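Notes to accompany the following structure.
Below, read A as the first sequence line, B as the second, and so on, with proteins coming before strands; counting in each chain starts at 1. Worth saying up front: this structure is predicted, and the values here are computed from it rather than measured.
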Protein chains: 2
Amino acid sequence: MTIRVLLADDQALVRGALATLLDLEPDMTVVGEVGRGDEVVAAAQEHRPDVVLLDVEMPGLDGIGATAALHEVLPDVRVLIVTTFGRPGYLRRALQSGASGFVVKDTPARQLAEAVRRVHSGLRVVDPALAADSLAGGDSPLTARETEVLRAARQGGSVADIARAVSLSEGTVRNHLSSAIGKTMARNRADAVRVAEESGWL
Amino acid sequence: MTIRVLLADDQALVRGALATLLDLEPDMTVVGEVGRGDEVVAAAQEHRPDVVLLDVEMPGLDGIGATAALHEVLPDVRVLIVTTFGRPGYLRRALQSGASGFVVKDTPARQLAEAVRRVHSGLRVVDPALAADSLAGGDSPLTARETEVLRAARQGGSVADIARAVSLSEGTVRNHLSSAIGKTMARNRADAVRVAEESGWL
DNA sequence: TGCACCGGCTGACAAACGTCATGGGTATGC
DNA sequence: GCATACCCATGACGTTTGTCAGCCGGTGCA
């Protein structure tokens, strides 16, 4: 019995390469390819795959959101997340969304097919090095408002700009920023944004 | 006569997938794979490839630097740059470094082999959409020092930190930053970093 | 009923930041 | 020779930022 695989990656070159790689395996067939996150569910309904390979960074809807949407419509489909950078926060959120596996693109190509097989058989596949980082990174210490304000601060505007974006007073924004800076152990607003982004808290 | 190809990409999964993809072509052989930019020259000297496929983002030495180093030691080797994002500045710098082609990872997988063939036969391969952006983005208006200071500002440190990193006085750093902010039409140091990064000036 | 916590706001203040004027040094080009 | 541009530095300035204290309202919990 062959494993039916659906591929979702925004980089056509990578997507095609992975497709040929997996199609060479005797027990697998790539039944579909999409380049956008919001096309995943429709493609899955059409092609009925056993395993879906999802990139985290995609236009329309990111891998996390696509996993959640997929898990709701087709609960039996296994999801294997493949991503470029091993952001600790991604792993946690991906597993919470219902993903069965998490593989970084640094892993050898031969292990990908094996990961697909494991996921298909119901096992969880998690990059060991990444799992350690995930525990170290932990849950976000930021409150909802702090994350929102910090997210708005990414564009590099002034406090007044941020206040306008989130509809708060400037003083409140400064307080939230100060709190976020303290929690991330950063020295700056910009530094806090950097730290929070790298920890997957935004 | 088969085309000998050397692959350089830090993502093992992508690298392996591209290798199988190109190895399927009857007129190509992948003679080597490396995951770091500073291993490219040594691998090229050992395996004598006709074409080297280089990713821009690599540890040790980036694709631009690797191209320059390669061009100096082995001038006959053709270089085809493959990158994730089509930053306008990359294209310009890559061609200046001696690259023969520039392909973004959004291009269909089938066109990659064709691009390799064209580069091998002495033609230049440039993504059309990217070429337009490159002209729009234009040359960096920043001076050497301004770029250096702005690069040091990416970590999110204070002026004192930056001054220590680049061995300048704090006042001078502020002047360079102010100039860079003006040239990028940003409102902030953080904003200037963002703009310069997106324009490929760092 | 208290207590702790989060959200929101204000006011104040020291530190950091961005800007400007000014000076001198060097290399490039007409 | 002279203009131009870049680099380095200093001092001064007004603004922005980060921090702190205090106050109020709402929520969840012992």
Side-chain angles (χ1 to χ4, degrees), chain A residues 89 92-93 96 137-202, chain B residues 89 92-93 96 137-202:
Chain A
R92 188 172 21 80
R93 286 195 291 164
Q96 282 173 356
D139 260 348
S140 172
L142 304 173
T143 67
R145 274 301 189 193
E146 284 161 3
T147 12
E148 190 183 356
V149 169
L150 216 52
R151 230 190 298 251
R154 274 192 295 193
Q155 277 100 34
S158 66
V159 172
D161 295 328
I162 302 172
R164 219 174 301 118
V166 298
S167 301
L168 288 177
S169 95
E170 299 189 14
T172 306
V173 168
R174 281 216 296 265
N175 286 336
H176 283 305
L177 283 176
S178 180
S179 170
I181 290 170
K183 286 179 180 175
T184 54
M185 290 181 297
R187 289 161 301 181
N188 263 341
R189 169 191 334 189
D191 202 12
V193 168
R194 201 177 50 79
V195 171
E197 253 181 349
E198 288 178 359
S199 303
W201 296 337
L202 294 189
Chain B
R92 189 173 19 80
R93 287 194 292 163
Q96 282 173 356
D139 260 348
S140 171
L142 304 173
T143 68
R145 275 301 189 192
E146 285 160 3
T147 0
E148 191 184 354
V149 169
L150 218 52
R151 229 190 298 251
R154 274 191 294 193
Q155 276 99 35
S158 65
V159 172
D161 295 328
I162 302 172
R164 220 173 301 118
V166 298
S167 302
L168 287 177
S169 94
E170 299 188 15
T172 307
V173 168
R174 281 216 294 266
N175 286 336
H176 284 305
L177 283 175
S178 181
S179 171
I181 290 169
K183 287 179 180 175
T184 53
M185 289 181 298
R187 288 161 304 180
N188 264 341
R189 169 191 334 189
D191 203 13
V193 168
R194 201 177 51 79
V195 171
E197 253 180 350
E198 288 177 359
S199 303
W201 296 338
L202 295 190

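- Listed by chain and number, the residues in a side chain to side chain donor-acceptor pair (under 3.5 Å) with A:D161 are A:S158, A:R164, B:R187 (sequence neighbours excluded).
- In this view, B:E170 and B:V159, B:A160, B:A163 satisfy the side-chain contact (heavy atoms from CB on, under 4.5 Å) rule, not counting sequence neighbours.
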Under 3.5 Å, which protein N or O atoms sit close to an N or O of nucleotides 18-21 of chain C? Give each pair with its distance.
{"residue": "C:dG18", "atom": "OP1", "partner": "B:R189", "partner atom": "N", "Å": "3.1"}
{"residue": "C:dG18", "atom": "OP2", "partner": "B:R189", "partner atom": "NE", "Å": "3.4"}
{"residue": "C:dG18", "atom": "OP2", "partner": "B:R189", "partner atom": "NH2", "Å": "3.1"}
{"residue": "C:dG18", "atom": "N7", "partner": "B:R174", "partner atom": "NE", "Å": "3.3"}
{"residue": "C:dT19", "atom": "OP2", "partner": "B:S178", "partner atom": "OG", "Å": "2.8"}
{"residue": "C:dC20", "atom": "N4", "partner": "B:N175", "partner atom": "OD1", "Å": "2.9"}

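- Defining each end axis of the helix from C:dT1-D:dA30 to C:dC30-D:dG1 as the rotation carrying four pairs' C1' atoms onto the next four, with five pairs an end, the two axes are found to diverge by 30° to 10 degrees.
- Using a 4.0 Å heavy-atom cutoff across all strands shown, B:A144 reaches sugar-phosphate atoms only and no base atom.
- Side-chain atoms of B:L142 and B:R151, non-hydrogen and from C-beta on, never get closer than 4.5 Å to each other.
- At the heavy-atom level, B:S158 lies under 4.0 Å from the strands shown only through sugar-phosphate atoms.
- Residues passing the side chain to side chain donor-acceptor pair (under 3.5 Å) test with A:R145 are A:E148, sequence neighbours excluded.
- Side-chain proximity of A:L168 to the nucleotides C:dC6, C:dC9, C:dC17 is greatest for C:dC9.
- For B:R154, the salt bridge (Lys or Arg N to Asp or Glu O under 4.0 Å) partners two or more places apart in sequence, or in a different chain, are B:E197.
- Among all heavy-atom pairs drawn from A:G156 and B:N188, the shortest one is O-ND2, 2.8 Å.
- Not a single side chain to side chain donor-acceptor pair (under 3.5 Å) links B:S178 to another residue, sequence neighbours left out.
- For the salt bridge (Lys or Arg N to Asp or Glu O under 4.0 Å) test, no residue two or more places apart in sequence or in another chain qualifies with B:R174.
- Scored by the side chain to side chain donor-acceptor pair (under 3.5 Å) test, B:S179 finds B:E146 as partners (sequence neighbours excluded).
- Using a 4.5 Å heavy-atom cutoff, the side chains of B:W201 and B:T184 are in contact.
- Put simply, chain B comes within 4.0 Å of DNA chain D, heavy atom to any atom, from D:dC6 to D:dA12, going 5' to 3'.
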